[in-house]
Amino acid sequence: MNALISFLKKEKLAIAVLFLIAIIIPLMNLRPYWDDNPRFSTGYIGLLIQGRPLNEFFYRFISGGPGLSPDVYQMNLILFMLMAITLLRIKYLRDNTILFMLIFCNPFFIENLSYHVDVIGMVAAYVLAIHAAFYENEKTKKMFFISLLLALTSVLGYQSGFNAFFFSFIIATILDYHRDGRFCFKNIKVRFAVLCIILPFCKFITFLLGLLLSLIGKDANAYIETRLSIDISVAVNNALDFLTLFSGSFNYLQVSIFIISMTLLAISSVNAFLRRNISVSVMFFVPITCIFVSIFPYVLISASNIVSSRVLFGFTGFYLSMYVITYYFSRSQTLKLLISILMIFYIFSYVSFVSVYANAYNKFYDSDVSTLKNIQSLIQYDSKGDVGDVMLCGDNKVTNGYILNAYTEYPILKNVFRSFLSSEYWLNGVRSFSNINDIDLNIVECKKSNNPQEKKIFSNNRYDILRDDRNYLVNFK
């Protein structure tokens, strides 16, 4: 194991590139993600009004017009790898390959990498925020303005760039303190000033978007109210929803790694306390702080759909801080070796998880396509080609053994995979999904009824199909 750690130190660039390749290769043939379908179906980008102008301008540039270009997902993944490699310019990440790889081992980050369209802005926000937090310069003003520029640009790519800056700020401060305590405090002041600016800037963007929507003739009152107001009860519910998301996302291996890592950190902290090094001993609470960083400020935004894996950039700080504090501040070589072995094992498990995820998601997507095509065939056979409206009610039940097994081994997949066959949740989504998969059904909003003229034409363990004159109702069980 010592030889492996020594190899990681010597062949830094090669290891970093191989690691990133191991992540992006399984994703290269990933099917379109949740809201990619309506964008590819209509050509409407719609990222500017979501507060992501960088994404919008990127696609307008490569398409040469207001519409969305054809799918450039593979190019986006390559750009992600190139952007990720730039982080090796940061001394701490360049000197420690394990630290560099851990930056990209956030299990929730897999959702961000899945979006064919949004991915470019999301990964740019992530990388730019880390650069902003780690950037340092002897000239205080120069450091402040460059760090601020990078951080603001990050937030314009994706609002969770704030969370990436926040956790990076914490990790950079810990590493600075290990290098030189006096130098550390100068950097803290600059980075904290940047943090205090980008937080209200996120809200300012929201206000501008609401104003923009008003100017183009849309009712933006609800948008502004849900994004700018703070409701304590909603904040509490959002916090609980995030905790539920955390608790239901990890398998036994991941939980075991986190528990052992916290145990090693606790031992290191106790040793520091016995040496009367109080500043190091209290670092035990940093990983817990990073959990808060993961969900702040999203708990304060009264929008239920914000509770999602894609906003949890800050979770990287949780496991990263356990490694950094134990490895850099422990005087025990045994603890240093154990935490390094544990994190290497975690990195390998994450790389394998990406492959499992990609294969399971493609199977999940293809299963939804197959289900809808089977429904189309049954309806067309019954109607003799004279089909009216089709209502999809309920959510498609997963019965595929491959996917169910993947759910068991990696519970996070249940939170990331979303069935396309639910017009109750997003009618535009299921229509677009049908459109890009050559399914010719006029899918309309689900409306429950007890019409006695409805006739059941088909039933299995997943759905019932009922007919009412020329119209059909599909009830998922």
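Quick note: residue numbers are just sequence positions, from 1.
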Students often mix this up, so state it plainly: with edges at 30° and 60°, are the rings of [X] and [Y] parallel, tilted or perpendicular?
X    : Y    : result
Y323 : Y328 : perpendicular
Y463 : F476 : perpendicular
Y357 : F353 : tilted
Y346 : Y319 : tilted
F100 : F104 : perpendicular
Y33  : Y115 : perpendicular

What's the shortest heavy-atom distance between [X] and [Y], and which atoms?
X    : Y    : answer
L87  : I103 : CD1-CG2, 4.2 Å
A360 : A406 : CB-CB, 3.9 Å
L77  : L113 : CD2-O, 4.3 Å
V194 : A151 : CG1-CB, 3.8 Å
T316 : Y126 : OG1-OH, 2.9 Å
I344 : I98  : CG1-CD1, 3.8 Å

Look at atom [atom1] of [X] and say whether more than 12 heavy atoms of other residues, nucleotides or ligands are closer to it than 6.0 Å.
X    : atom1 : value
D440 : CG    : no
N29  : CG    : no
R179 : CZ    : yes
K397 : NZ    : no
Y402 : OH    : yes

* Enumerate the residue pairs fulfilling salt bridge (Lys or Arg N to Asp or Glu O under 4.0 Å) with a member in residues 111-133, sequence neighbours excluded, ordered by first and then second residue. =>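 Qualifying pairs: R39-D118, R52-D118, E111-R310, E111-R418.
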
Mind checking the [atom1]-[atom2] spacing from [X] to [Y]? Nearest 0.5 Å is all I need.
X    : Y    : atom1 : atom2 : result
N396 : I375 : CG    : CD1   : 7.0 Å
D35  : N428 : CG    : CG    : 10.0 Å
S168 : L320 : OG    : CG    : 8.0 Å
N96  : K91  : CG    : NZ    : 11.0 Å
I347 : M101 : CD1   : CE    : 4.0 Å

* Going through the distances and angles, do L99 and L175 end up as a side chain to side chain contact (heavy atoms under 4.5 Å, CB included)? -> CA-CA 11 Å; L99 187 59; L175 291 169; 4.0 Å; yes

For residues 251-258, which side-chain donor-acceptor pairs fall under 3.5 Å, sequence neighbours excluded?
{"from": "N251", "atom 1": "OD1", "to": "L253", "atom 2": "N", "distance (Å)": "3.3"}
{"from": "N251", "atom 1": "OD1", "to": "Q254", "atom 2": "N", "distance (Å)": "2.8"}
{"from": "N251", "atom 1": "ND2", "to": "E409", "atom 2": "O", "distance (Å)": "3.0"}
{"from": "Q254", "atom 1": "OE1", "to": "N251", "atom 2": "N", "distance (Å)": "3.0"}
{"from": "S256", "atom 1": "OG", "to": "Y252", "atom 2": "O", "distance (Å)": "2.7"}

Has [X] got a side-chain atom pairing as donor or acceptor with [Y]'s backbone, closer than 3.5 angstrom?
X    : Y    : result
N76  : I120 : no
N374 : S370 : yes
N55  : L47  : no
S247 : L243 : yes

* Would you confirm whether the ring centroid of F108 sits within less than 6.0 angstrom of the ring centroid of F250? =>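 Ring centres of F108 and F250 closer than 6.0 Å.
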
* Asked: Under 6.0 Å between ring centres, would you say that holds for Y365 and F433?
  ->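 Yes.
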
* Less than 4.0 Å between a side-chain N and a carboxylate O, is that true for R191 and D176? -> yes

* Asked: Do we see a donor-acceptor contact under 3.5 Å between the side chains of S367 and N400?
  ->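 No - no donor-acceptor pair under 3.5 Å links their side chains.
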
